[in-house]
There are 2 protein chains.
Amino acid sequence: MLRILEPEPREAAAFINTNRKRGLIAVFCICGGTYRGRAAADLPTGPYLILIKPDGSLLVHGSEKATPLVWNPPGSSNMAVVEGGTLVLKSLRTRPSESVVLKIERVFEIVLFDAGSSSVRLRGTEKDIVDMLVKNPDIIEPGLKVVGVEVPTEAGHIDILALDKNGEYIVVEVKRDVADHEAVFQLRRYVEAVAKARGRARGILVAADITSSAFHYLREYNLGFVKIRPRELAEKLLNKTEFEDTSIDVEK
Amino acid sequence: MLRILEPEPREAAAFINTNRKRGLIAVFCICGGTYRGRAAADLPTGPYLILIKPDGSLLVHGSEKATPLVWNPPGSSNMAVVEGGTLVLKSLRTRPSESVVLKIERVFEIVLFDAGSSSVRLRGTEKDIVDMLVKNPDIIEPGLKVVGVEVPTEAGHIDILALDKNGEYIVVEVKRDVADHEAVFQLRRYVEAVAKARGRARGILVAADITSSAFHYLREYNLGFVKIRPRELAEKLLNKTEFEDTSIDVEK
DNA sequence: TTTTAGATCTCGTTG
DNA sequence: CAACGAGGTCTAAAA
């Protein structure tokens with residue numbers, strides 16, 4: 001970890017350009033700046049924390065919010081220059097063409113820190129719920145047989161395609177949280193596509209909850225709804241898997 | 001700006017708890033931790049930068065990506081404690097109930113920085129485009145008369161509702177960038193709702209571009225498309241406004 | 001590269 | 001507080 005305090009503009013620029021690929025650079029400073037690209041924004045001059053990451057990410061954080069005030073995503077080219085005695089940090093991105101330009105009036109401290117690059121594995125995602133439901137389709141409807149997952153149709157990818165006990169196609173759309181009307185329209189599209197391609201189909205929305213208007217549309221389009229509690233479901237299935245594993249061990 | 005280097009756990013905890021409402025706290029450290037809530041994640045032990053904001057936001061950044069590895073949003077309650085000699089940072093949020101717990105094994109530096117709270121005003125948003133189109137509806141179609149903006153229907157809010165030169169209702173959906181098939185389905189819903197409520201309606205999608213599948217659906221549903229160049233449009237209308245202002249001055 | 005859809009989306013606005 | 005929709009969304013995965 002390297003650290004410089006109250007550096008002169010030239011010193012700061014050299015430090016940033018030398019180390020921008022070596023680790024996370026944190027610049028505690030007073031600056032103002034602009035963003036130009038898909039939209040446009042101006043950052044009023046004030047005290048901010050600038051983060052420059054080795055992957056090209058540039059973030060300017062204030063004292064509020066989880067999201068940066070201005071930023072450029074990974075893959076951007078960041079460079080520090082001294083223009084007319086002031087330190088200027090330029091971040092350029094192509095496709096789409098976007099720029100962040102920061103005029104840094106005063107630098108309190110710059111830190112170079114070799115931060116970790118580990119990614120975090122998330123559990124409890126929609127994909128996890130789909131996996132559980134595929135292994136336990138009776139949760140959706142007794143007698144259901146899963147035909148496919150992420151099945152492509154002309155209207156998009158179906159979370160789960162199944163056959164009910166009468167051999168009719170069932171289209172299942174899964175949401176991990178509150179399903180809104182968009183989810184219902186999504187399901188409706190998929191059902192229409194399957195009906196068109198394979199004759200007849202029913203749709204079932206599986207979610208932790210549903211908004212009132214989504215429920216309204218669900219009835220209007222004659223679609224089904226199955227309420228799940230993702231957390232409890234995860235526990236239950238974890239136990240079931242453990243039980244099954246034990247059984248297998250016994251059988252062996 | 002306050003700064004402590006290589007603090008002991010007790011010292012670090014005291015510093016964080018004393019200052020967490022006073023400014024942005026940046027902790028350069030080695031830590032591991034967990035997130036539990038809407039989903040679940042485990043952060044492997046490594047060097048990270050922790051940001052604690054006065055509004056309750058907690059961010060853990062690594063060397064990659066624009067988004068934090070784990071985080072808690074504004075409004076969270078953050079507290080540092082020492083448990084069995086190790087510094088532990090706990091962040092709690094209610095509704096939804098979520099927690100981030102970080103076990104900090106080593107602290108290199110903690111900085112308290114009174115970062116600015118200014119918000120950034122964005123230009124070139126969809127709202128800006130809608131405003132321009134309302135003032136210049138001929139861009140959409142010659143002879144168009146705007147009836148309303150953000151008009152509520154049972155299917156949602158219509159960006160622009162207008163009447164064409166024959167007195168037929170026109171539903172306009174605006175996208176500032178590439179319109180995808182969701183935008184087309186959205187427009188279709190609005191047109192259906194207006195047709196149901198007011199007799200007859202046409203739909204026009206106004207966007208900078210359109211995906212191929214969106215275009216396919218557009219034709220299928222017999223909806224129109226008007227391509228705009230938001231940036232050029234903004235310039236043109238800015239000039240026009242200046243011209244109009246001048247005219248008004250002259251008339252006065 | 002384009003397209004698609006999820007996300008601990010976040011954030012603002014409205015009822 | 002719920003609901004709705006935009007966003008410079010970001011991000012990963014698939015075609």
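Heavy-atom basis, side chains included; hydrogens, waters and symmetry copies ignored. Here is the naming used below: chain letters follow the sequence lines, and residue numbers restart at 1 for every chain.
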Student: Does anything in residues 179-192 of chain A reach DNA chain C, meaning a heavy atom under 4.0 Å, and if so which residues?
Tutor: A:Q186, A:Y190
Student: Return yes when atom CZ of A:R123 has more than 12 non-hydrogen atoms of other residues, nucleotides or ligands closer than 6.0 Å, and no otherwise.
Tutor: yes
Student: Looking only at heavy atoms, what is the nearest atom pair of A:V146 and A:P137, with distance?
Tutor: CG2-CB, 4.0 Å
Student: What residues, two or more places apart in sequence or in another chain, satisfy side-chain hydrogen bond (donor to acceptor under 3.5 Å, both in side chains) together with B:E83?
Tutor: B:K90
Student: For DNA chain C, whose closest nucleotide is more 5', that of A:L122 or that of B:A214?
Tutor: B:A214
Student: Would you please name every residue forming a side-chain hydrogen bond (donor to acceptor under 3.5 Å, both in side chains) with A:S63, sequence neighbours left out?
Tutor: none
Student: Over 60° means perpendicular and under 30° means parallel, so tell me whether A:F113 and B:F28 are parallel, tilted or perpendicular.
Tutor: perpendicular
Student: Measure NZ/B:K175 against P/D:dG8 and give the value in whole Å, please.
Tutor: 13 Å
Student: Can you name the residues that form a side-chain contact (heavy atoms from CB on, under 4.5 Å) with A:K196, not counting sequence neighbours?
Tutor: A:E154
Student: Which residues, if any, of residues 204-211 of chain B bring a heavy atom under 4.0 Å of DNA chain C?
Tutor: B:T211
Student: Does B:F185 have its ring centroid less than 6.0 Å away from the ring centroid of A:F185?
Tutor: no
Student: Please tell me which of A:E98 and B:A66 maps to the more 5' nucleotide of DNA chain D, matching each residue to the nucleotide holding its nearest heavy atom.
Tutor: A:E98
Student: Write down the distance separating the P atoms in D:dT11 and C:dC11, rounded off to the nearest Å.
Tutor: 15 Å
Student: Any salt bridge (charged side-chain N to carboxylate O under 4.0 Å, His left out) involving residues 29-39 of chain B? Give me the pairs, sequence neighbours left out, ordered by first then second residue.
Tutor: B:R36-B:D42, B:R38-B:E98
Student: What does A:G124 touch in the nucleic acid at a heavy-atom separation under 4.0 angstrom: a base, only the sugar-phosphate, or nothing?
Tutor: nothing
Student: Which residues pass the salt bridge (charged side-chain N to carboxylate O under 4.0 Å, His left out) test with A:E150, not counting sequence neighbours?
Tutor: none
Student: To the nearest angstrom, how far is A:R93 atom CZ from D:dT11 atom C1'?
Tutor: 12 Å
Student: Using the C1' atom on both, measure D:dG7 against C:dA5 and round to a whole Å.
Tutor: 15 Å
Student: Taking atom P in both C:dT4 and D:dG8, what distance in whole Å separates the two?
Tutor: 22 Å
Student: Just to be sure I understand the rule, does B:P74 reach a base, reach only the sugar-phosphate, or reach nothing, if contact means heavy atoms closer than 4.0 Å?
Tutor: sugar-phosphate
Student: Give the residues of residues 27-57 of chain B touching DNA chain D, defined as any heavy atom closer than 4.0 Å, sorted by residue number.
Tutor: none
Student: When the C1' atoms of D:dG5 and C:dA7 are compared, how many Å lie between them, rounded to an integer?
Tutor: 16 Å
Student: Hey, does B:E173 reach any base, or is it just sugar-phosphate, or nothing, if we go heavy atoms under 4.0 Å?
Tutor: sugar-phosphate
Student: If I compare all heavy atoms of A:A201 with all of A:V194, which pair ends up nearest, and what's the gap?
Tutor: CB-CG1, 3.7 Å
Student: Residues two or more places apart in sequence or in another chain: which of them pass side-chain contact (heavy atoms from CB on, under 4.5 Å) with A:S91?
Tutor: A:L58, A:N72, A:S76, A:N78, A:V100
Student: With sequence neighbours excluded, tell me which residues meet side-chain contact (heavy atoms from CB on, under 4.5 Å) with A:L92.
Tutor: A:S99
Student: Please evaluate residues B:I140 and B:I170 with respect to the criterion side chain to side chain contact (heavy atoms under 4.5 Å, CB included), reporting the C-alpha separation (whole Å), side-chain torsions for both, the decisive distance (0.1 Å), and the verdict.
Tutor: CA-CA 10 Å; B:I140 305 169; B:I170 307 293; 5.5 Å; no
Student: With a 4.0 Å cut-off, would you call A:K127 and A:D131 a salt bridge?
Tutor: yes
Student: Can you find a side chain N or O atom of B:R95 that sits less than 4.0 Å from OP1 or OP2 on D:dC1?
Tutor: yes
Student: Using atom names, set out every protein N or O paired with an N or O of nucleotides 12-15 of chain D below 3.5 Å, distance rounded to 0.1 Å.
Tutor:
unit_1 : atom_1 : unit_2 : atom_2 : d
D:dA12 : OP2    : B:K65  : NZ     : 3.1

Student: Going 5' to 3' along DNA chain C, which are the first and last nucleotides with any atom under 4.0 Å from a heavy atom of chain A?
Tutor: C:dT1 to C:dG12
Student: Test for a donor-acceptor pair under 3.5 Å between the base of D:dG8 and the side chain of A:N72, counting only N and O atoms.
Tutor: yes
Student: If you measure from the Lys or Arg side-chain nitrogens to the Asp or Glu carboxylate oxygens, is any gap between B:K175 and B:E173 under 4.0 Å?
Tutor: yes
Student: Could you check how far OH of A:Y217 sits from C1' of D:dC4, rounded to whole Å?
Tutor: 12 Å
